[in-house]
J.: 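Sending over a structure as structure tokens; questions will come in a sec.
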Amino acid sequence: MNMDGCHEFDGTLTGLLTVAASVMNSGSHPESITVRSAENGGAGQGELFSARAVASDKTLAAEVVTRLKMGEDKDAMRDVQSAFHHNHPERWTWIVRFLVLALREPKRARDRRLPAVVALRRFAREVRQETHRLNGLIRFQELSDGMLWATITPDHDVVGLVYPCFRRRMPGETWAIYDAGRGRGLKHRPDNGHPETVLVPEPLRRELQRSGELPQSVAPSDPYFELWRTFFAAIAIEGRRNPEQQRRCMPARYWRNLPEKSR
Amino acid sequence: MNLQRKLEILAGAARYDVSCASSGSRRTATDNGLGAVSSGGVCHSWSDDGRCISLLKILYSNACIYDCAYCVNRRGNDVPRASFTVEEVVDLTVNFYRRNMIEGLFLSSGVLISPDHTMERLIAVVRRLRRDHRFGGYIHLKVIPGASPELVHEAALHADRVSVNIELPSERSLRLLAPEKSRVSVLEPMRHLDHLIQENREERRSHRKLPALSPAGQSTQMIIGASPEKDGQILRLSEALYQKHHLKRVYYSAYLPVQGSAVRIASERPELLREHRLYQADWLLRFYGFDAGELTADTTSSLPLDVDPKAAWALRQGQGFPAEINRASYEQLLRVPGIGVTGARRIVAARRTGAIRIEHVKALGLVWKRARHFLSFNGKYYGLLGRRDGVVLADLLAAQGRIVRELRQPSLFSEGGA
């Protein structure tokens, strides 16, 4: 069966892997297909043509994972999982093209002369870099009830990816990380091994998206923020000021949620 | 004196110790504990001088009985003095950690009464963190030169990394500028720590549950430009420290005349470009298989400032270049300017499925402006080797990167004061 053209999946990783399995089994050339998610309705591609909806199939998806892990490239599945969280509008297409390539010609899965390999590695790297960067740049403040709260505004959908780092660091504390741009967050409680979804009421959601700040009644000013600002200012060597280097390592788009840079 | 003022003084006093890493160790928090460590380390912020901040870097006290000429905290200098209490340091560490501002604590101190008295204060802080608060985050503890072996041992038991600063690259300079410290008082704790760390590693091979002693090893720091030693001597000293005492890192810090400094030998400006070349040479020693003798002819030679040490070495080679990208070994590829550790690995991986041609260079992540002179592609060559003398060097200088261009700008040095 010819699988050329645009495919639509349900927005889950299982669904995307199913698309890859279908293309693989049909023998279609990966360059001839594009993929979009039903969730965000096209994002600019395939609008002129109707898309073929592909239903999620756990068995097919699991087969893809097994075959991928059998290949030479042990990082391929991990990279696919990372790239899945990227914000590029055509990420689905590139992930499927890579999967089809990696399954048909395992030896070429690391060949950087191929555009699909370059795209996938780049997406995976950027998601992991943002995750790693946020592991450092996330700042918690203590709320009036003792819970720790952090607001983030990442490029990519990484809340789920930063969660494990903080569960490792602070298993005994209650804390939440909230993505103000996407309006969703995850919460950890010491007596619960699984993350809970954080929902905030609508006016608060809009306020967080606008300013990133919680109201004073819930989050009175934290004395350790002031102490941190003092430390931050004192630690720099005046004769070696380097604002360009600072910006390169810590881009200004993250400063809104950093006490040392937001005042 | 309130906590904020103490922190301002004691963080400012600690800023000239450039070691900042939170890497080299791994630990997960216990259920009722706080703090984990990841082997790669984490940068939490970048200060206004462009340096990564990953630890709460402070002195316990900046009072000091010594009078080392290069140090802002020396006895004879008129600066505001302060001391923390053990509880204050513990409180700051725990609360900054919970807010994800730090990976842990870097604790040093001026010498109060005696090296042992000072070590006892530092150990009291880290003992309370580890035992009372079950703190599992990163701890880098300074060892005071002259401290007794039992205290050095206990410090290493609680820390992820320890360091004792060699400060000056020769005994002669140490005698002139820091007469109260001796070479022995610095090297003896280093030897002792090396012995303890190696012994602990051996024991943990058969007893896996044994607690690790300073798992991220030890490091040290040298001041560059406060004394007359040349790069050749400095690099040979670093090489010996890496090989004989198994140090993890040597840090190089360009001397900045500080308020009240008594150093007489010092260039007008901090030698930032020289410091950069030393770090590049240090990387070549640790990751690229070079010897100090290949980078500097003898102890009196200096690294060239205008070009990086790897390119300088490559230009000095009569033969061996251009290297054939499709056949050279991994070790040979590492020696090509413009090819780093990642690039060499990618070349070896890509070679397995087909010949590498010039159009693949960008995807492989090579710095073509530099590498083009030193590589051939199945015989095809695109560089300038073999033409008249100096042509390749001129081309490399014209292609210089941003970091070196910035370090050369006089405007960076003329800014002073807060």
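Note that the structure is predicted; figures quoted are calculated from it, not measured. So that the names make sense, note that chain A is the first sequence line, chain B the second, and so on, each numbered from 1.
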J.: Rounded to the nearest 0.5 Å, how far does NZ of A/Lys107 lie from OG1 of B/Thr353?
T.: 9.5 Å
J.: Given the rule in the side-chain contact (heavy atoms from CB on, under 4.5 Å) test, do B/Ser47 and A/Arg240 qualify, once you have shown the distances and angles that lead to the verdict?
T.: CA-CA 10 Å; B/Ser47 51; A/Arg240 300 184 70 149; over 6 Å; no
J.: Would you name the heavy atoms of A/Gly146 and B/Arg98 that are closest together and state the gap between them?
T.: O-NH2, 4.0 Å
J.: For the interface with chain B, which of A/Trp175, A/Phe225, A/Tyr254, A/Phe231 has the highest count of heavy-atom pairs at distances below 4.5 Å?
T.: A/Phe231
J.: Which one wins on heavy-atom pair count under 4.5 Å against chain A: B/Cys43, B/Ser45, B/Gly365, B/Gly12?
T.: B/Ser45
J.: Could you pull out the closest heavy-atom pair between B/Asn100 and A/Leu134, with the gap in Å?
T.: ND2-O, 4.4 Å
J.: In Å, rounded to the nearest 0.5 Å, how long is the span from CZ of A/Arg229 to CD of B/Glu8?
T.: 14.5 Å
J.: Residues two or more places apart in sequence or in another chain: which of them pass side chain to side chain contact (heavy atoms under 4.5 Å, CB included) with A/Ala180?
T.: A/Thr151, A/Thr153, A/Tyr178, A/Leu208, A/Arg256
J.: Minimum heavy-atom separation for A/Tyr224 and B/Asn95, please, with both atom names.
T.: OH-ND2, 3.1 Å
J.: So B/Leu7 and A/Trp228, side-chain contact (heavy atoms from CB on, under 4.5 Å) or not? Walk me through it.
T.: CA-CA 9 Å; B/Leu7 183 57; A/Trp228 176 247; over 6 Å; no
J.: With chain A, which of B/Ile356, B/Asp91, B/Thr30 has the greatest number of heavy-atom pairs at distances under 4.5 Å?
T.: B/Asp91
J.: Which atom names give the shortest non-hydrogen contact between A/Pro171 and B/Gly33, and what distance separates them?
T.: CD-O, 4.2 Å
J.: I would like to know whether A/Arg113 and B/Glu359 meet side-chain contact (heavy atoms from CB on, under 4.5 Å); could you show each step before the answer?
T.: CA-CA 9 Å; A/Arg113 291 169 290 189; B/Glu359 54 264 31; over 6 Å; no
J.: Under 4.5 Å from any heavy atom of chain B, what part of A/Pro259 do you find: side chain, backbone, both or neither?
T.: side chain
J.: What option among B/Val42, B/Asp49, B/Leu256, B/Leu364 has the most heavy-atom pairs under 4.5 Å with chain A?
T.: B/Asp49
J.: How many angstroms lie between atom CD of A/Glu238 and atom CZ of B/Arg15, to the nearest 0.5 angstrom?
T.: 4.5 Å
J.: Once rounded to the nearest 0.5 Å, what's the spacing between atom CZ of B/Arg351 and atom CG of A/Asp111?
T.: 13.5 Å
J.: Exactly one of A/Glu142, A/Glu260, A/Glu173 should register a salt bridge (charged side-chain N to carboxylate O under 4.0 Å, His left out) with B/Arg99. Which one does?
T.: A/Glu142
J.: Say you draw a straight line from CG of A/Leu227 to CZ of B/Phe96; how long is it, rounded to the nearest 0.5 Å?
T.: 5.0 Å
J.: Non-hydrogen atoms of chain B under 4.5 Å away: do they reach the side chain of A/Arg139, the backbone, both or neither?
T.: both
J.: How far apart are the closest heavy atoms of A/Arg169 and B/Ile102, and which atoms are they?
T.: NH2-O, 3.0 Å
J.: Let me confirm one number: the CD-CG distance from A/Glu226 to B/Leu3, rounded to the nearest 0.5 Å.
T.: 12.0 Å
J.: Does CZ belonging to B/Arg134 count more than 12 external heavy atoms closer than 6.0 Å?
T.: no
J.: Against chain A, work out which of B/Leu10, B/Ile9, B/Leu56 has the most heavy-atom pairs shorter than 4.5 Å and name it.
T.: B/Leu56
J.: Checking B/His44 side chain against A/Gly136 main chain: does a donor-acceptor pair fall under 3.5 Å?
T.: yes
J.: On a heavy-atom basis, which atom in B/Arg51 and which in A/Ile235 lie closest, and how many Å separate them?
T.: NH2-O, 3.3 Å
J.: What part of A/Arg248 gets closer than 4.5 Å to chain B, counting heavy atoms only: side chain, backbone, both or neither?
T.: side chain
